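I have placed the structure first, in the form of structure tokens, so that the comments after it can refer back to it.
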Number of protein chains: 2
Amino acid sequence: MSRVIVGMSVSLDGIAGGADEADWWPVHEKVLGWVFDLRSWRAAQGMEGGRDDADSELWAESYGRIGAQVMGRTMFDFGVEHWGENPPFHAPVFIVTHREQERVVKEGGTSYTFVTDGLESAVKQAVEAAQGRDVLIAGGVSVAQQAIAAGLVDELDLHVAPVLIGRGLRLLENLGGEFIPLESTRVAGSSGVTHLRYSVVR
Amino acid sequence: MSRVIVGMSVSLDGIAGGADEADWWPVHEKVLGWVFDLRSWRAAQGMEGGRDDADSELWAESYGRIGAQVMGRTMFDFGVEHWGENPPFHAPVFIVTHREQERVVKEGGTSYTFVTDGLESAVKQAVEAAQGRDVLIAGGVSVAQQAIAAGLVDELDLHVAPVLIGRGLRLLENLGGEFIPLESTRVAGSSGVTHLRYSVVR
């Protein structure tokens with residue numbers, strides 16, 4: 001059965017995004033920088049080379065199990081031009097938005113479906129499209145928070161960068177105000193990043 | 001040379017304390033519960049029994065290197081009665097406070113020294129008292145934040161409990177607004193807690 005996963009890179013103080021582009025751009029490399037030189041990540045972007053190490057294997061394992069993705073409109077608008085004609089998702093992507101728009105099919109297995117009836121509907125459509133593989137809620141921060149608060153998330157797959165950012169959007173807040181018990185299912189790390197995976201206990 | 005360490009238990013969302021006692025009491029067991037059954041922790045409290053496992057060894061290693069502690073007045077007032085005549089610190093403790101008070105010597109190596117000229121002075125006195133061993137900034141949250149923001153801290157030694165608390169005081173905020181680069185020096189975990197140790201990079 002598909003599991004719904006919030007998979008994101010965060011700083012040790014939990015920052016996963018900026019208040020806006022100008023806020024995020026100077027710091028995104030500190031939080032996400034660990035992926036840019038991985039062979040597996042580069043291959044997904046259509047690039048050659050990169051480090052073929054434990055982090056690269058872990059990235060490949062984390063993203064290899066994903067059959068569909070859900071993202072917010074802000075993240076989509078931020079990234080769509082950069083992602084180009086052969087986007088790095090290689091899977092159906094469901095975008096939560098208020099604006100109706102025709103489905104867009106790109107190269108390499110990526111499609112963009114615009115969902116106007118809410119996050120829960122987007123997750124449900126993604127689970128169907130994933131055909132038993134897992135569903136990644138890739139961001140932004142607000143969509144991930146809403147999904148956790150709504151009880152839609154089975155797993156947190158966090159990649160913790162060794163830095164305190166001190167400003168921006170914190171992933172694990174605005175979660176609805178109830179305790180959410182977790183179970184640690186993986187702890188792994190290199191000098192550049194620490195990987196923490198948790199299942200949500202229901 | 002002594003290292004100055006912020007050593008605290010936090011939830012995965014970074015909560016290490018409550019807004020007040022009524023806020024903290026119902027949740028403290030979720031964040032700190034991993035220590036209460038450890039043989040090493042129990043021995044420090046003068047109690048017998050407990051689990052003699054990897055978490056217990058790690059607690060003993062983390063606290064065995066501590067030669068003096070610094071804490072805030074709120075934490076002191078919260079705990080002093082409970083800690084009793086033979087407190088669990090077994091080392092000099094320096095309390096940052098506005099109220100002058102005579103030094104108090106307890107059994108088992110613990111003393112309480114009340115420092116009225118600020119946190120930096122308390123840390124300096126603790127480093128002298130530690131005689132080459134390390135200095136623990138044990139809390140509360142506000143004192144730990146101030147110490148990090150002031151550049152007084154060499155190491156973060158965090159014990160991450162598998163729970164999202166969703167309210168209370170977050171350890172890693174109000175840190176002065178500058179990026180603080182870290183180096184991961186230890187990653188270890190059991191099902192009950194994940195231990196993350198970082199050096200502050202200067």
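Order of the sequence lines fixes the chain letters, A, B, ..., with proteins taken first and strands second; residue numbering starts at 1 for each chain. Note: hydrogens, waters and symmetry copies are ignored here, and every other heavy atom, side chains too, is used. Being a predicted model, the structure only gives us computed values, none of them experimental.
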Could you tell me which portion of B:L171 (side chain, backbone, both or neither) has an atom closer than 4.5 angstrom to a non-hydrogen atom of chain A?
-> neither
When every non-hydrogen atom of A:P162 is compared with those of B:S184, the smallest separation belongs to CB-N, 4.4 Å
Does atom CD of B:Q45 have more than 12 heavy-atom neighbours, drawn from other residues, nucleotides or ligands, at distances under 6.0 Å?
-> yes
Do other residues, nucleotides or ligands put more than 12 heavy atoms under 6.0 Å from A:E178 CD?
-> no
Given A:V160, A:L175, A:I165, the one with more heavy-atom pairs under 4.5 angstrom with chain B than any other is A:I165
Side chain to side chain, B:T194 and A:T194, heavy atoms closer than 4.5 Å = no
Chain A contact via B:F179 - side chain, backbone, both or neither, heavy atoms under 4.5 Å = both
List the atom of B:P181, the atom of A:V163, and the distance in Å for their closest heavy-atom pair.
-> CA-CG2, 4.2 Å
B:K106, NZ atom: more than 12 neighbouring heavy atoms under 6.0 Å | yes
CD (A:E120) with more than 12 external heavy atoms under 6.0 Å | no
Drop me the distance from A:E173's CD to B:R167's CZ, to the nearest 0.5 angstrom.
-> 15.5 Å
Kindly compute the distance separating CG (A:L164) from CD1 (B:I180), expressed to the nearest 0.5 Å.
-> 5.0 Å
Between chain B and each of A:V187, A:T185, A:V10, count heavy-atom pairs under 4.5 Å; write down the option with the most.
-> A:V187
Option in B:V193, B:I15, B:D13 with maximal non-hydrogen atom pairs under 4.5 Å from chain A = B:D13
Heavy atoms of A:L196 and B:L196 approach each other most closely as CD1-CD1, 4.2 Å
